[in-house]
Amino acid sequence: MPRDPLIGLVGKPSAGKSSTLNSLTDASSKVGNFPFTTIDPQRAIGYLQIDCACTRYNLTDKCKPNYGSCDNGRRSVPIELLDVAGLVPGAHEGKGLGNKFLDDLRHADALIHVVDASGTTDAEGKVTRGYDPSVDIAWLRSEIVAWIRGNLMTKWGSIKRRHIAVKATAVETLQNQFSGYGSTSAVVARTLDKLGLKEPLEEWSDETIDRVVNAFADEKFPTVIALNKIDHPDADKNIAKIAKQQDPNSIVLCSAISEIFLRKMAKQGYIRYTEGSEFVDTREDLIADGDPDGGGLKELDEKNRNRIENLKDMVLYRFGSTGVVHVLTKAAEILGLVPVFPVRNIATFGSGGVGEGMGSNKGVFRDCVLVKKGSTVGDVARKVMGDAPIAYIEGAGGLRVAEDQLVAVGKNDILSFKVGK
């Protein structure tokens, strides 16, 4: 069965990876039956924000997710995160926790590389000033490429001989070698298609192999660069340099510590704040806007009032948000994740039977699953129903859909599975 998408967080010590992970997995603002789950010491559940299907049918007031939350059509969907610890120079040679780091890394479908944009920590995470964080970005990629290339080249001679003997295609031969990185034949095929190589595999030069390995690393480990600590005075020049070197669509500016602070203050009743928003309201703000009770918020002391005002100026007003929520959104975007809403009753979008009407207090669109781009209706059926025999599948409007049809946002993304032989 198709497995759930897994997003890995990587970063050197003191870059803010733990703060970013904590801010992505904070369940304090979620409502309903939402279990915050730490799967093991390295895995946890984060929350991806999407546009819920309930908005298409004006059912936002009846949307009651089994997991996560839906606030006026903005839905938080659970997604699994992996804390990939042990990034140090020379990881591919086994330095530090290198072997474990790379072994954990291979399970991820995409990476979030948390980078200290302030330049106040060196390559080993020790306090410094004036460090160039663009080095960290190049260094992670070089570790991944060196790891893959090293494993491939140690047995390249025998790989070529077998390739010729069994008359395999390049995709078949490479997939045999790359399956250990969690690859699929589709990933290998996309890699080779992008390169457009003409020469047969047995004639590849070292330069061609390097091109293949680099292209495979890009395809298998698409990476979001989360430039953290953007409120530091030295961050601007580092961000400007990195923006010239990297694809701008892969970069997200963020301040994880600011997001954690705002959520903590909101939970304690000192401010009104929605995660990912650019707006923060204090008691004084609401009173100034005409609410004599100040929204029932507590009064801030001078220290926290000044901190919030500085945070507004240095982060929220300047960048539009703390950026943390957008980190996961960008990771889902580069993976092309599609939210699919399985329902039992295609007429009411509920989880009950035919007698369940639109006004049922059980709610609509109770479930949502995330599938990778290129997934079919059949893939979703196997993910949701497992090995249960499917008689037929209905889409929105009660129309039957074939298992080989693709799912996309707004197309075959509301499905009802009818069990039978």
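Everything numeric here is computed off the predicted structure, so don't read it as measured data.
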Full working for side-chain hydrogen bond (donor to acceptor under 3.5 Å, both in side chains) between S205 and T208: CA-CA 5 Å; S205 63; T208 298; 3.2 Å; yes
Less than 3.5 Å apart, which donor and acceptor atoms pair up between the side chains of residues 399-412 and the rest of the protein, not counting sequence neighbours?
| from | atom 1 | to | atom 2 | distance (Å) |
| --- | --- | --- | --- | --- |
| Q405 | OE1 | N412 | ND2 | 3.2 |
| N412 | ND2 | L406 | O | 2.9 |

Enclosure of K418 NZ (heavy-atom neighbours >12, cutoff 6.0 Å): yes
Do L197 and W204 have side-chain heavy atoms sitting under 4.5 Å apart? yes
List the steps, then state whether side-chain contact (heavy atoms from CB on, under 4.5 Å) holds for Y131 with D116. CA-CA 10 Å; Y131 179 78; D116 179 358; over 6 Å; no
So how far is it from T184 OG1 to K372 NZ, rounded to the nearest 0.5 Å? 7.5 Å
Just wondering, do F221 and L140 contact through their side chains at under 4.5 Å, heavy atoms? no
Sidechain N-carboxylate O distance under 4.0 Å for D285, R272: no
Decide yes or no for L81 and L328: does some side-chain heavy atom of the first lie under 4.5 Å from some side-chain heavy atom of the second? yes
Within-4.5 Å side-chain heavy-atom neighbours: R43 and H107: yes
Could you tell me if the side chain of I148 sits less than 4.5 Å from the side chain of K220, heavy atoms only? no
Flag if over 12 foreign heavy atoms under 6.0 Å of CD, E207: no
Considering all heavy atoms of both residues, which atom of G73 and which atom of T60 are nearest to each other, and what is their separation? N-CG2, 3.9 Å
Mark yes or no for whether T329, through its side chain, and V325, through its backbone, hold a donor-acceptor pair below 3.5 Å. yes
First locate atom OG1 of T121, then atom CZ of R129, and finally report the distance between them rounded to the nearest 0.5 Å. 12.0 Å
Quick one: OG on S255 to CG on L262, what's the gap to the nearest 0.5 Å? 8.5 Å
Atom of S14, atom of G125 and distance for their closest heavy-atom approach: OG-O, 3.3 Å
Do the side chain of R366 and the main chain of K64 share a donor and acceptor less than 3.5 angstrom apart? yes
CZ/R74 to CD/Q49 distance, rounded to the nearest 0.5 angstrom? 5.0 Å
Any donor-acceptor pair under 3.5 Å linking the side chain of E278 with the backbone of Y317? no
CG on L297 to CD on Q268, rounded to 0.5 Å: 12.5 Å
In terms of heavy-atom contacts, A217 and R141 come closest through CB-NH1, 4.2 Å
With salt bridge (Lys or Arg N to Asp or Glu O under 4.0 Å) as the test, would you mind laying out the steps for D51 and R56 before giving the verdict? CA-CA 10 Å; D51 293 324; R56 301 178 210 166; over 6 Å; no
For E219, what residues pass the side-chain hydrogen bond (donor to acceptor under 3.5 Å, both in side chains) criterion, not counting sequence neighbours? R190, K194
Please assess L24 against V324 for the test side-chain contact (heavy atoms from CB on, under 4.5 Å), listing each intermediate value before the final yes or no. CA-CA 7 Å; L24 291 173; V324 170; 3.7 Å; yes
For R344, is there any backbone N or O sitting under 3.5 Å from a side-chain donor or acceptor partner on S416? yes
Tell me whether N151 at atom CG has more than 12 heavy atoms from other residues, nucleotides or ligands lying less than 6.0 Å away. yes
May I ask you to say whether K12 pairs ionically with D122, meaning some side-chain N is under 4.0 Å from a carboxylate O? no
Just do the side-chain contact (heavy atoms from CB on, under 4.5 Å) check on F216 and S183 with the steps written out, would you? CA-CA 9 Å; F216 173 73; S183 178; 3.5 Å; yes
Going through the checks in order, is the side-chain contact (heavy atoms from CB on, under 4.5 Å) test met by Y181 and W147? CA-CA 11 Å; Y181 307 110; W147 169 49; 3.4 Å; yes
Polar side-chain atom of D104 near backbone of V84 as donor-acceptor pair, under 3.5 Å: no
Any non-hydrogen side-chain atom of V338 less than 4.5 Å from a side-chain atom of S375? no
Should V77 and I79 count as side-chain neighbours, where that means a heavy-atom distance under 4.5 Å? no
L105 side, atom CG; I144 side, atom CD1 - distance, nearest 0.5 Å: 5.0 Å
At their closest point, which heavy atom of I230 faces which heavy atom of L227, and how far apart are they? CG2-O, 3.2 Å
If we only count heavy atoms from C-beta on, is the V384 to D367 side-chain gap below 4.5 Å? no
Shortest non-hydrogen contact from G374 to D379? O-OD2, 4.4 Å
Of all heavy-atom pairs between T55 and C52, which one has the smallest distance, and what is that distance? OG1-O, 2.9 Å
Output yes when E259 and R263 qualify as a salt bridge under the 4.0 Å nitrogen-oxygen rule, no when they do not. yes
Distance-only, no hydrogens or angles: does the E172 side chain make a donor-acceptor pair with backbone N or O of T169 under 3.5 Å? yes
